[in-house]
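Heads up: the structure comes next, in structure tokens.
Keep in mind that this is a model prediction, so the values were computed, not measured. Hydrogens, waters and symmetry mates play no part in the numbers below; they use all other heavy atoms, side chains included.
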Amino acid sequence: MNYNIRIDEIHIEGNKFRFMVTGEFEILSSLARPKLIMHFSNGIEDRRIPLVLGTLNRNEDVGVIEFESNYVYLLDYLFWKSRSSANAITMHFNLLYGEFYEEKIAVDMKPGILEQDEFCYLCQPEGNLLRFIPQPDFQEKLARYRSRTERSRLKTWTGKIYKWLVFAASLLLLPWMIVDALLATFNFIGYADKVKKSNPSRLRKFIAHINARLYGLSGHKISAVKARAYYRKLKCEYMKHSFNRIAKKNPVVPNRISFISLRRTELSGNFAFVYEKIKDDQNLEIEMYLDPKDIMQMTKKEIDHFAFLCATSKVVVLDEFTPFIHFFDIRPETRVVQLWHACGAFKTFSFTRLGKPKGSPQKTRNHRNYDYVTVSTQNVKICHSEGFGIPTDNVVPTGIPRTDVFFDAAYKEKVRSRLYKEYPQLRGKKVVLFAPTFRGHVKETAHYPMDKFRIDEFMSAVGEEYFLIVKHHPFVTERHPIPEACQDRVLDLSDQTELNDLLFITDLIITDYSSLVFEASLLNIPMMFYTFDLREYMKDRDFYFDFETFVPGHFFFTQEMLQRAIVKEDFAEEKVPAFARRFFDDFDGHSTERVVKLLYHALEE
């Protein structure tokens, strides 16, 4: 692959590192975006972080993608476990583009301009490496630099404090404001409409009038949203206080393993498989915290119990992003094991999305507490290392426990018999599973554009031999309307039935960007990808690999194209076995045993 990368400028101020880079890549794909990954090491752990490419311009005339990058990184937030060390930090570039990947690419790191204040770090270009050297008394200088930064923030806070004092003084006039608002609400005096809503209720008028008076006097309003945010912050602070108080009074219990999940109320998924293997070990003390509550709904007792398990367990086992645990400075004796729910690596997440909507900023503590993350293959270690902001060695390719059922013939037959008994209309049909993922960045905004997949049109096009099962992502609350004429050939099972169980009776999968593709590949199920918004999705979310060559099947931009391919039975099923071999190291049904071995190793550390 041909590329030209130039380091134009490097600026270091305190712990801030501004990198200005330009260059060109040879165009290898019509869809894939090149990715430059900065690979840092301090001799203790490594850290992968994407170079944020601010501009990408495809110049088809000369066959190159032109790019530039200008972004500020924080050197002392690169590492977590060893962030206080004063070791020199080295950095080189890795390049990922489509199917091309290379470590330590040949780039002359000598910049056109190098500016540094020599306060905390010095930068030395050495061939294709940059070396950041902490200055003498590094920690003391860094503390002074931060203090200087805090003083500049203090000016802003001084203004805020003044506004709050004025707000507090304004509250003394609240009785007059209430009377004034009542008179205005009932039209006894003139009322300037402050409510952005036609025909507002009297209560809205009343509140809006008081807020208008308060804002005019102090620049503040009474806001339920702000009050809730402040209350949430207080509860988070209490959780941290509870953890620290418990940690001071209680030692880590050397044989305690705690399973903590904020997404499930009972043992299921990876947790269930691992628990079944260790539950009879009398030498273990096994604890559970399974409660999908936000901190706003948690009682004091629940917060204390959560903090107690995190503070006193030798091993904490997670199965999903668990934000509360990152409030804590986990004790050195404790090991945090993340049994990440997804196989392989598909859509980018967390720190990989640096600079993108909902990407994790460098300063966040999220994910960095993990001592081990289990994945399905050696091939995705670098993806999870980058995404979670943890050392590459912390990512362990044990396999995913819940996939063991795909190698259990008795379980398969049991599930098939149960599903055919529950839904006898499926017998003798070619079952198509429509399982798209959601659009939106978070659970609260999750949705799927229902009009993009028209069930009546689909069922009419594919023929009577097909039966359609609809299974939306759990975050999507809206349901596809099922036309009356199709009700004997369509089931919406979004609210029931484990998705993996449905695979045992599925003949064809239609999805888009769902990680379901990994599990389906273990059963060699043909897959089709209905990706009407692929370019927009890539721009906003992006993938770790080139979508064109990554997916084990054809992808389609319109429903009509999808339907024609199904009628022709053009499924490209030959792509599925190679895909499975790429994203799974083992096909033996013993992933749970390897994870259990990792947990016992963590207990002994």
Side-chain angles (χ1 to χ4, degrees), residues 80-81 224-272 274-275 278-279 281-341 350 360 363-373 388-390 442-444 599-600 602-603 605:
W80 196 255
K81 298 285 185 182
V225 173
K226 288 185 177 179
R228 180 179 172 83
Y230 183 70
Y231 180 55
R232 180 186 179 87
K233 187 175 181 180
L234 286 178
K235 293 196 81 169
C236 292
E237 289 298 323
Y238 174 76
M239 181 176 274
K240 286 191 280 187
H241 169 74
S242 178
F243 175 88
N244 293 332
R245 172 173 48 81
I246 292 167
K248 285 181 181 179
K249 295 181 179 179
N250 298 275
V252 169
V253 180
N255 65 337
R256 177 176 290 163
I257 296 180
S258 292
F259 291 81
I260 294 178
S261 177
L262 301 179
R263 68 179 302 207
R264 61 185 82 244
T265 57
E266 57 185 21
L267 277 176
S268 57
N270 290 329
F271 273 10
V274 172
Y275 175 74
I278 66 173
K279 66 179 182 180
D281 188 341
Q282 299 299 315
N283 295 318
L284 295 180
E285 180 183 323
I286 302 174
E287 299 287 347
M288 301 283 175
Y289 186 96
L290 309 174
D291 194 347
K293 283 183 183 175
D294 183 73
I295 194 168
M296 294 294 284
Q297 286 79 49
M298 293 172 70
T299 64
K300 177 180 178 298
K301 183 178 180 181
E302 289 168 336
I303 289 175
D304 286 342
H305 182 52
F306 180 89
F308 176 80
L309 293 181
C310 293
T312 62
S313 297
K314 174 62 179 176
V315 175
V316 174
V317 187
L318 310 175
D319 68 338
E320 177 62 278
F321 173 48
T322 309
F324 306 150
I325 199 170
H326 304 299
F327 296 164
F328 310 142
D329 292 320
I330 293 294
R331 301 166 80 172
E333 310 98 296
T334 298
R335 297 291 176 265
V336 179
V337 181
Q338 172 65 265
L339 306 186
W340 193 242
H341 58 284
S350 198
S360 294
K363 284 189 175 183
T364 183
R365 300 163 61 105
N366 291 349
H367 299 298
R368 298 189 191 237
N369 277 333
Y370 305 152
D371 293 285
Y372 298 105
V373 174
F388 290 137
I390 59 176
V442 292
K443 182 177 180 180
E444 289 72 24
L599 294 185
Y600 279 108
L603 282 170
E605 286 187 309

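Contact annotation: the side chain of E285 never approaches that of I257 to less than 4.5 Å [non-hydrogen atoms, C-beta and beyond]. You'll find the side chain of K248 stays beyond 4.5 Å of the side chain of I246, heavy atoms only. Counting heavy atoms from C-beta outward, H367 and I390 have side chains that stay 4.5 Å or more apart. Contact of the M298 side chain with the F324 side chain is registered, since non-hydrogen atoms from C-beta on lie closer than 4.5 Å. At a threshold of 4.5 Å between non-hydrogen side-chain atoms, the residues Y238 and K300 count as touching. Taking 4.5 Å as the limit, some side-chain heavy atom of M296 sits within range of a side-chain heavy atom of Y231. Residues D291 and R263 are not in side-chain contact: their nearest non-hydrogen atoms beyond the backbone lie 4.5 Å or more apart. For the pair M239 and I295, the minimum side-chain heavy-atom distance is below 4.5 Å.
The aromatic rings of F308 and H305 lie parallel to each other, with less than 30° between the two planes, well short of the 60° mark.
Counting non-hydrogen atoms of neighbouring residues, nucleotides and ligands closer than 6.0 angstrom, the OH atom of Y600 exceeds 12 such neighbours.
Within the 3.5 Å criterion, the main-chain N or O of L262 finds no donor-acceptor partner in the side chain of K293. Checked by atom type and distance alone, the side chain of D371 never pairs as donor or acceptor with a backbone atom of V337 at under 3.5 Å. Between the K233 side chain and the R228 main chain, no donor and acceptor come within less than 3.5 Å of each other. Without hydrogens or angle criteria, R365 side chain to F328 main chain gives a donor-acceptor distance under 3.5 Å. Although no hydrogens or angles enter the test, the distance criterion places no donor-acceptor pair under 3.5 Å between the side chain of R264 and the main chain of L290. At distances below 3.5 Å, at least one donor-acceptor pair connects side-chain atoms of T299 with backbone N or O atoms of E302. With hydrogens and angles ignored, the 3.5 Å screen pairs no side-chain donor or acceptor of K314 with any backbone N or O of T334. The closest donor-acceptor contact from the side chain of D319 to the backbone of G269 lies at 3.5 Å or more, if one exists at all. Between the side chain of S313 and the main chain of L309, a donor-acceptor pair closer than 3.5 Å is present.
Checking each of F388, Y370, F243 against H326 for a ring pair (Phe, Tyr, Trp, His ring centres under 6.0 Å) leaves exactly one that passes, namely Y370.
Of all heavy-atom pairs between T322 and L318, the closest is OG1-CD2, 3.9 Å. Of all the heavy atoms in I260 and F306, the pair that sits closest is CG2-CE1, 3.5 Å.
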- Tell me, with the steps shown, if S258 and Y289 meet side-chain contact (heavy atoms from CB on, under 4.5 Å). CA-CA 7 Å; S258 292; Y289 186 96; over 6 Å; no
- Task: Apply side-chain contact (heavy atoms from CB on, under 4.5 Å) to the pair V274 and F259, showing each step before the final yes or no.
- Result: CA-CA 10 Å; V274 172; F259 291 81; 4.0 Å; yes
- Can C236 and F327 be said to form a side-chain contact (heavy atoms from CB on, under 4.5 Å), step by step? CA-CA 8 Å; C236 292; F327 296 164; 3.5 Å; yes
- Begin from the C-alpha positions of E320 and W340 and carry the test side-chain contact (heavy atoms from CB on, under 4.5 Å) through to its verdict. CA-CA 6 Å; E320 177 62 278; W340 193 242; 3.5 Å; yes
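The existence of a salt bridge linking D294 and R232 is confirmed by a sub-4.0 Å separation between a basic side-chain nitrogen and an acidic carboxylate oxygen.
Side-chain contact check for S242 and D304: at least one donor-acceptor pair (N or O, by modelled atom type) lies under 3.5 Å.
Taken to the nearest 0.5 Å, the CG atom of L284 stands 11.5 Å off from the CD atom of E287. Going from atom CZ of R368 over to atom CD1 of I330 covers 15.0 Å, rounded to the nearest 0.5 Å.
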